[in-house]
Amino acid sequence: MFLLDSDYKTFNEKAYVRLILKNDSKVETFYKDFDPYIWAVCDENEVESIKKKIEGITKEVNGKSLFIKKCMPEERYLFGKKVSAIKIIFNHPSDVPNLRKEIEDITEIYEYDIPFARRFLIDKNLTPAIYYDFELEKEGNMSFVKNFQITNNLNLSIKVLAFDIEVYCKAKPDPKYDPIIMMGISTNDFDKVITYKKVTADYIEIVDNELLMMKRFFDILLEYNPDIIYTYNGDSFDFPYIYERAKKLKINHPILNEIKIDKRGINDSSKISGMVHIDLYPLSRKLLSLNKYTLENVYLNFLGKEKTKLQLAEMDRLWEEGTQDGLLKIALYNKEDAVAAKDIGAAIGPLEIELSRIVGQNIFDISKMASSNMVEYLLMKRAFQEKTIVPNKPKGSEYLERSSDTYEGGFVLDPQKGLHEHIAVFDFRSLYPSIIIAHNIDPNTIGCDCCNNTSPDGVNFCLNKKGFIPEILKELIERRVQIKKKLKETSDKNERTIYQSQQWALKILANSFYGYMGYPRSRWYSKEAASSIASWGRKYIHKAIKIAEDMGLNVLYGDTDSLFVGLGSEDMKKSKEFRDKVNSTLPDFMELEFQGYYRRGFFVSKKRYAIIDKENNITTKGLEVVRRDWADIAKKTQEEVLKAILEGKGPEYAAEIVRKTTQELIEGKTPLDSLIIYTQLTMPLSSYKQIGPHVVVARHMKEKGEDIKAGSMISFIVKNGDGMIRDRSYDVETFKNEGYKYDAEYYIDNQVLPAIMRILKGFGYTEENLRFSKNIQKTLGDYF
DNA sequence: TGGTGACGGGG
DNA sequence: GTGTACGTCACCA
Ligand SMILES: [Mg+2]
């Protein structure tokens, strides 16, 4: 059996860790003998007196009397030194925050904010997603864990299910009014769409109404009982919508008690106990580098697969019409969305599982965790094994101090602006991990008089002291080398997926250590370490640039660990020569790799560029406006300009596109639909301190009697005239009804030009070169 | 100029 | 859950 998920439950005021184990079926089992605890640290000769004081603490909370269960003095390590510690054991995890202050008044405390179920996995060295032999015991109708033994069998059989819902709505979907019309499911055993209008296809199941559709969906979920559920944006859409809609329809179903929607804070999370819900949208954002993260775009650019498209308005119309063909279109779209989620899950799920194994935390938690947090849990696990007390997270003031105490990061070369052909891109393999390991960079190795190992920014790191972080990092890097070797040796598809995921997971973690030490919320934070890593990195990249220049190569751009070199022609020999020269000149642990050849590219400024390869794949950085609060006309014009330049049509051709667009704007020929700006009202109208255009429009709409509230999407067009933008912004309906004229100047100066200037600035154009002033004809002539 | 507010995905 | 994003950009005050 392997661990799928864990949390804890309270019975008779005692907390039991609950483990969801999986074999052929799922088992819910509990662990009895694990108590919550924290550490106190004090002078050796004070241990007894402090122990007494702590044991004497009692406190009334909500009519209950809380007290410390037990204190046990133990030797531990803290910041690399042996200390006298007291293990303070509590009756219940929730006692810890309640009694923390009282203990803190007596002495220093540590490890007081580690969630109970996570603490359990660390202390018991129980790793998710690895087979163990579990010895279980029945007591009444509950199962308890007596013992477990690792088997190292990694070959999981995991049942997955992906789903997606479609909603019929005129504006922003609101579960109070807008019905779910279809629910699509995809598994490795079947695909299915449930709906309640008459439409025929082998994968469609028809029920009488929405309520029965949802019940049927819940039944299938329980019956199929998948280990992993994949959604795309299910955390903030599908799950909350289903949950709210079920409430509205007064559906009673046991599964609803298992669903937990967490909308507090900024990150949504939807959990369904007994199953691991993995939302692929936030993961795609984290793992892939794309300019847009729609399901469609991720499916195409990550997996190279296409699915049918369906406009929202079209879907509404087809649902209203209710014809076989129309409904089939919706059903197909719905099914394909579920299939796409399943496919993306098949590519990303194994990675999450490997991360879960390496870090030692639940798959669900890992799928929501930032990589710096994963590094932290990995370090905490190791710290426990080495009897080392984990440093505390910074309190508010210390966090602010750390945040404002900035340091110099990687070196970014000011690019040679404009268009370039034949570009070779190189990067240092694992630049920062290599530096951390080679220079033994750790918060606890700072300062010694035995080593000559001083960073370019003047911090000395001892090479003889054990470096906790570099040691762990070295293991990760070495494991990755081994796995990549295995990957080369096998052609078995399943093995390759596992190795591929393992090496990806190790890469993600290894690359997060530098950021971790410089992240102000880290427990093992060290500004000296982070700034030293960056300073060594700058030194090495400068050396590489110098070598390139000495070889007569044209260095176009560079950022931290990468170099963009102009070759003059597709000169692979020169490219190789440069790489080899760098590798033979720099220390052994540094390795420059040839990343790729690009036939064309342009640079605008630091962090803003675009390149295109021989297969016409475009990579852009910092250029594109792809947000709904930009009008279509700006987005479209920018895209055309980008393509024109990368396809080699020349900047002047691109400039002409802009002039034509602005001309059409001035002449009033631009369709209104491409001028709409969409902005969401994120709070009640009364809460606004700053009245922006969308707030004014929203007020106006509310006066007209429309249902406007926090969450409403406001779409507006800016009318011509003088004064502030907000006073000339009107909802689309009013704008059209009144026959208003749009403000060409606004759309040129605030939309089109800013968008395209991100690109054309790099070619020496100014707004004036591209803007049509009132006397168009004259200005136009100047350009030819 | 500083502060406020919105973006992302989903329908 | 022994907790609380993120970096970036536009425009109002
Ligand atoms: Mg869909």
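Treat the numbers as computed from the prediction; the structure is a model and nothing was measured. We use all heavy atoms of the structure for the numbers below, so side chains are in, but hydrogens, waters and symmetry mates are not. All chains are named by letter (A, B, ...) in the order of the sequence lines, taking the proteins before the strands, and each is independently numbered beginning at 1.
Here salt bridge (charged side-chain N to carboxylate O under 4.0 Å, His left out) pairs that include residues 682-696 of chain A, with residues two or more places apart or in two chains, number zero. Residues in residues 275-296 of chain A take part in these salt bridge (charged side-chain N to carboxylate O under 4.0 Å, His left out) pairs, two or more places apart or across chains: A/E296-A/K309. Pairs of residues two or more places apart, or lying in two chains, that qualify as side-chain hydrogen bond (donor to acceptor under 3.5 Å, both in side chains) and include a residue from residues 621-632 of chain A are A/N291-A/E624, A/T620-A/E624, A/R627-A/D629.
A heavy-atom distance below 4.5 Å is not found between the side chains of A/M701 and A/F716.
Distance CG (A/N233) to P (B/dG10): 7 Å, rounded to an integer number of Å. When rounded to the nearest whole Å, the span between CZ of A/R100 and P of C/dT2 equals 11 Å. Distance CD1 (A/I691) to P (C/dC11): 16 Å, rounded to an integer number of Å.
Residues that satisfy the ring pair (Phe, Tyr, Trp, His ring centres under 6.0 Å) test with A/Y399, not counting sequence neighbours, are absent from this structure. Evaluation of the ring pair (Phe, Tyr, Trp, His ring centres under 6.0 Å) rule for A/Y525 yields no partner, not counting sequence neighbours.
Here A/K393 lies in heavy-atom contact (under 4.0 Å) with sugar-phosphate atoms only. At a threshold of 4.0 angstrom between heavy atoms, the contacts of A/E166 are confined to the sugar-phosphate backbone, with no base atom among them. Looking at heavy-atom distances under 4.0 Å, A/Y688 makes contact with sugar-phosphate atoms alone, never a base. Counting any heavy atom pair closer than 4.0 Å across all strands shown, A/N291 reaches no nucleic acid atom.
In the set B/dC7, B/dG9, C/dT2, B/dG9 carries the atom at the smallest distance from any side-chain atom of A/Y281.
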List, with names and distances, any nitrogen or oxygen atoms from the protein found under 3.5 Å away from nitrogen or oxygen atoms belonging to nucleotides 6-8 of chain C.
from: C/dC6; atom 1: OP2; to: A/Y519; atom 2: OH; distance (Å): 2.6

